[in-house]
> 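Just passing along the structure, written as structure tokens.
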Number of protein chains: 2
Amino acid sequence: MIGFLGGTGPEGRGLALRFALAGEEVIIGSREATRAQEAARSVSTLAPGLRVKGATNREAAAASIVIVTVPYAGHRETLASLAHELSGKVVIDVVAPLAFSKGRARAIPVESGSVAQEAQALLPNSRIVSAFHNVSAEDLLEPAKVIDCDVVVCSDDKEAKAQVMALAETIKGVRAVDGDGLENSRYLEDLTALLLNINRIYKGHSMIKIVGI
Amino acid sequence: MIGFLGGTGPEGRGLALRFALAGEEVIIGSREATRAQEAARSVSTLAPGLRVKGATNREAAAASIVIVTVPYAGHRETLASLAHELSGKVVIDVVAPLAFSKGRARAIPVESGSVAQEAQALLPNSRIVSAFHNVSAEDLLEPAKVIDCDVVVCSDDKEAKAQVMALAETIKGVRAVDGDGLENSRYLEDLTALLLNINRIYKGHSMIKIVGI
């Protein structure tokens, strides 16, 4: 079972869809269960036979793998309030620390170095993995679309990293790339701003591939 | 004519080779002219008929397009000392602000936001363009190798940006991608650290491609 904290936005719904398509049972969490149920219903309509339900973040945090897709503004509070539920678990942090002005995105500084390192500081007993920042939510939400990109995965926990790399590759087209430790997460988090700004110029859904490896 | 400031390292020599292969006349600059001449000779041996010479940084700064490939530690001093020579010119900044510890690279903070923005602050009368951070120097130095990657180019000067995008595409295999203004340069500069750390894991020469545009 995979749970999403703050899973009602496009990235949460998109990843929920893809993991449900791969046969996983998924719980989309939200502060308000009714919003989560609405999001789960909208995901369920995208393909037959998916096992997706909506619930509170606390219920979603009971899943065996938990994916964090809250806006950065809610990151600290959400994780701190669920530290007990998330203890011992693989927690995949997808959050990028972004601000917007005049239609352009920029990465804002994070005291811990990166959002993923902030998660590790807030959840010292969880196995934090950073991944999926640079995957287009729009593309994820089209069930037939092959996601021809790389997902760079960072963690200080090698076993959890391997597990998330395998999970990433259940998304059709995705190749997982080992991004070493959590210290590298900030490059991926911040890169999101560049990709959004490139989308603005090219009217595209930009993602990255690592070539030469 | 294209001049390189601090062009004796692998990235400078690699780009010098590629632009010389594209028919440009190239001056590799260094603080010591003899080191630059040695680098120019080593580049010249890689293919027949190249027009590459070595000179002081000051002489290289007389070229019509100037590429900055000094280590970050020498960035401020080198540019400040050549502000007069570089006035009005297209100056391509390739410098990434990196530090290394225990074999791992990390991006260090730059007060101006990015090295390219630092260059613009030091050279208010130059047309600063940020590019080529994520191209493998080793691959550039193999003349027959197709460089199958994207070069994201950032500048606040649209005309200079277009000129550098065209220059980038003279390197066989390269596609130039418009990376918007200099404010986006830091994502590319910092990404260099991630790519070096990925190289360490995969024993590769990692570069990026932007897909979905």
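What's counted below: heavy atoms across the whole structure, side chains too, no hydrogens, waters or symmetry copies. Throughout, protein chains are lettered first and strands after them, A, B, ... in sequence-line order, and every chain is numbered starting at 1.
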> How would you list, in number order, the residues of residues 132-139 of chain A that have a heavy atom less than 4.5 Å from chain B?
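Counting heavy atoms that sit under 4.5 Å from chain B, no residue of residues 132-139 of chain A is involved.
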> Name all residues meeting the side chain to side chain donor-acceptor pair (under 3.5 Å) criterion together with T8(B); count only those two or more places apart in sequence or in a different chain, and write none if there are none.
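Scan of T8(B) (side chain to side chain donor-acceptor pair (under 3.5 Å), adjacent residues dropped) gives R35(B).
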> What residues of residues 205-213 of chain A make heavy-atom contacts with chain B at a cutoff under 4.5 angstrom?
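Expected list: H205(A), S206(A), M207(A), I208(A), K209(A), I210(A), V211(A), G212(A), I213(A).
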> So for R106(B), is it side chain, backbone, both, or neither that comes closer than 4.5 Å to the heavy atoms of chain A?
both
> Using non-hydrogen atoms only, which part of R104(A) is less than 4.5 Å away from chain B: side chain, backbone, both, or neither?
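The side chain, not the backbone.
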> Using a 4.5 Å heavy-atom cutoff, which residues in residues 166-196 of chain B come close to chain A?
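Those residues of residues 166-196 of chain B which have a heavy atom under 4.5 Å from chain A are A176(B), V177(B), D178(B), G179(B), D180(B), N184(B), R186(B), Y187(B), L188(B), D190(B), L191(B), A193(B), L194(B), L195(B).
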